[in-house]
Amino acid sequence: MYRCHGSIPELRGSRLRLRRLSVRDAEHLYPCWADERTARYLYLPPIVDQQDAEALILLLNELSESDDSIRWGIELKDSGMIIGSCGFNGWQLEGAYRGEFGCELASSYWGRGYMQEAASLAIGYGFQVMGLNRIEALSDVRNEQASRFFRRFGFAHEGILRQYRHTSSGYVDVNVFSLLHMEWERESWSPDL
């Protein structure tokens, strides 16, 4: 049965490299996580300076050591720039074989297919290495861009979880999307776009 134990493998696509985050990446992730357009639906603690980004990176890496989460930095291969992150916010193997995928990308990189490539790499890892059968994605119902992304990627919309998350502005509903291993295989999703 899959165990991460803090080991976050490098995954390579045609334009991207997914890799373990380091505190040095806070320089690039701070503007991403503090960007109002990107962070609007992330429900992160307030990221007001680079030190907050460093603390979040350390927390994400700690969660991988306890097998609670696995998060990759999304790096442009040609420049080494980190433009976002993605991974599994959690997973359950015994009795379920499912994981919850989450992602964010700096708004200045939207619309170029980077998240499609990053998600393909991470989701392929989830199905092929972690042994997941079902990958879920949750998104705020107001986040139409995320809904379009998950549907285009092949996720099925299963419904709405009412008042599922509590935010500074109150309770919010979230959409539930899922992708099954057999659907992913049938579509022949390739992590090497």
Side-chain angles (χ1 to χ4, degrees), residues 1-33 35 38 42 53-54 56-91 93 97-137 145-146 149-150 152-155 177 179-193:
M1 195 163 296
Y2 177 80
R3 296 282 186 258
C4 178
H5 299 298
S7 176
I8 301 172
E10 183 176 294
L11 308 177
R12 291 183 172 269
S14 60
R15 300 178 298 163
L16 301 176
R17 180 170 73 124
L18 301 188
R19 63 166 176 79
R20 181 183 179 92
L21 291 168
S22 80
V23 292
R24 293 186 313 275
D25 297 320
E27 175 186 353
H28 297 141
L29 284 173
Y30 164 66
C32 173
W33 288 337
D35 176 6
T38 301
L42 290 182
E54 290 173 5
L56 183 54
I57 289 167
L58 290 172
L59 174 64
L60 291 170
N61 286 337
E62 284 175 24
L63 290 171
S64 74
E65 291 168 14
S66 60
D67 284 323
D68 290 311
S69 175
I70 185 168
R71 199 75 174 184
W72 288 276
I74 301 171
E75 180 184 82
L76 296 174
K77 283 168 68 174
D78 61 354
S79 69
M81 171 84 73
I82 293 285
I83 60 173
S85 75
C86 69
F88 294 97
N89 300 330
W91 63 87
L93 293 178
Y97 296 93
R98 65 181 164 83
E100 181 192 331
F101 178 76
C103 58
E104 82 282 334
L105 192 67
S107 62
S108 57
Y109 293 93
W110 291 357
R112 301 184 201 176
Y114 290 126
M115 190 50 73
Q116 177 83 18
E117 182 175 344
S120 292
L121 292 165
I123 288 170
Y125 184 84
F127 286 133
Q128 296 174 316
V129 177
M130 296 173 71
L132 301 176
N133 180 61
R134 171 189 167 90
I135 294 178
E136 302 164 344
Q145 185 174 358
F149 172 79
F150 289 120
R152 268 194 324 267
F153 198 88
F155 281 74
F177 297 92
L179 181 64
L180 302 178
H181 185 259
M182 65 182 191
E183 295 165 340
W184 177 80
E185 279 187 326
R186 187 171 53 236
E187 294 298 322
S188 300
W189 288 108
S190 170
D192 190 19
L193 298 175

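Predicted, not measured: the structure shown is a model, and the values here were computed from it.
Aromatic ring orientation, Tyr114 versus Tyr109: perpendicular (interplanar angle above 60°, classes split at 30° and 60°).
Counting all heavy atoms, side chain and backbone alike, Ala26 lies closest to Pro31 at O-CD, 4.2 Å. Closest heavy-atom contact between Phe127 and Leu180: CZ-C, 3.7 Å. Residues Trp33 and Ala53 share a closest heavy-atom pair of CZ3-O, 3.6 Å.
The CE atom of Met130 lies 10.5 Å from the CZ atom of Arg3; values are rounded to the nearest 0.5 Å. Annotation: the span from Ile82 atom CD1 to Glu27 atom CD amounts to 11.0 Å, rounded to 0.5 Å. With rounding to the nearest 0.5 angstrom, the CD1 atom of Ile57 is 10.0 Å from the CZ atom of Arg24. In this structure, CD on Glu104 lies 8.0 Å from OG1 on Thr38, to the nearest 0.5 angstrom. Rounding to the nearest 0.5 Å gives a distance of 9.5 Å between CZ of Arg134 and CD of Glu183. Taking CD of Gln116 as the start and CG of Leu105 as the end, the distance is 12.0 Å to the nearest 0.5 Å.
Side chain of Glu117 to backbone of Arg15: a donor-acceptor contact under 3.5 angstrom is found. Judged by distance alone, with hydrogens and angles left aside, the side-chain atoms of Glu75 form no donor-acceptor pair with the main-chain N or O of Ile83 at under 3.5 Å. Using modelled atom types, one side-chain atom of Lys77 and one backbone atom of Gly13 make a donor-acceptor pair closer than 3.5 Å. Side chain of Asp67 to main chain of His5: a donor-acceptor pair is present (N/O by atom type, distance under 3.5 Å, no hydrogens or angles). Listed for the Ser64 side chain is a donor-acceptor partner under 3.5 Å among the backbone atoms of Asn61.
Leu179 places none of its side-chain heavy atoms less than 4.5 Å from the side chain of Phe101. Residues Tyr2 and Ile70 meet the side-chain proximity criterion, which asks for heavy atoms closer than 4.5 Å. The shortest side-chain heavy-atom distance between Gln128 and Trp184 falls under the 4.5 Å cut-off. Under the 4.5 Å side-chain criterion, counting only non-hydrogen atoms from C-beta, Leu21 is not in contact with Leu58.
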Kindly indicate, with the supporting measurements, whether the criterion side chain to side chain contact (heavy atoms under 4.5 Å, CB included) is fulfilled by Ile135 and Trp91.
CA-CA 9 Å; Ile135 294 178; Trp91 63 87; over 6 Å; no
Kindly determine whether Glu100 and Phe88 satisfy side chain to side chain contact (heavy atoms under 4.5 Å, CB included), including the steps that lead there.
CA-CA 5 Å; Glu100 181 192 331; Phe88 294 97; over 6 Å; no
request  = Would you check, one step at a time, whether the test side chain to side chain contact (heavy atoms under 4.5 Å, CB included) holds for Ile74 with Cys86?
outcome  = CA-CA 7 Å; Ile74 301 171; Cys86 69; 4.2 Å; yes
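Among Asp25, Ile8, Leu11, the one residue that satisfies the side chain to side chain contact (heavy atoms under 4.5 Å, CB included) test with Arg19 is Asp25.
In the model, Ser107 has a side-chain atom that pairs as donor or acceptor with a side-chain atom of Asp35 under 3.5 Å. For the 3.5 Å distance criterion, the side chains of Asn89 and Arg71 qualify, holding a donor opposite an acceptor.
Residues Tyr125 and Trp72 place their aromatic rings such that the two centres sit under 6.0 Å apart. Proximity of the aromatic rings of Phe155 and Phe177 is defined here by a centroid distance below 6.0 angstrom, and this criterion is not met.
With sequence neighbours excluded, the residues that form a salt bridge (charged side-chain N to carboxylate O under 4.0 Å, His left out) with Arg98 are Glu136.
Salt-bridge check for Glu65 with Arg20: passed, with a basic side-chain N closer than 4.0 Å to an acidic carboxylate O.
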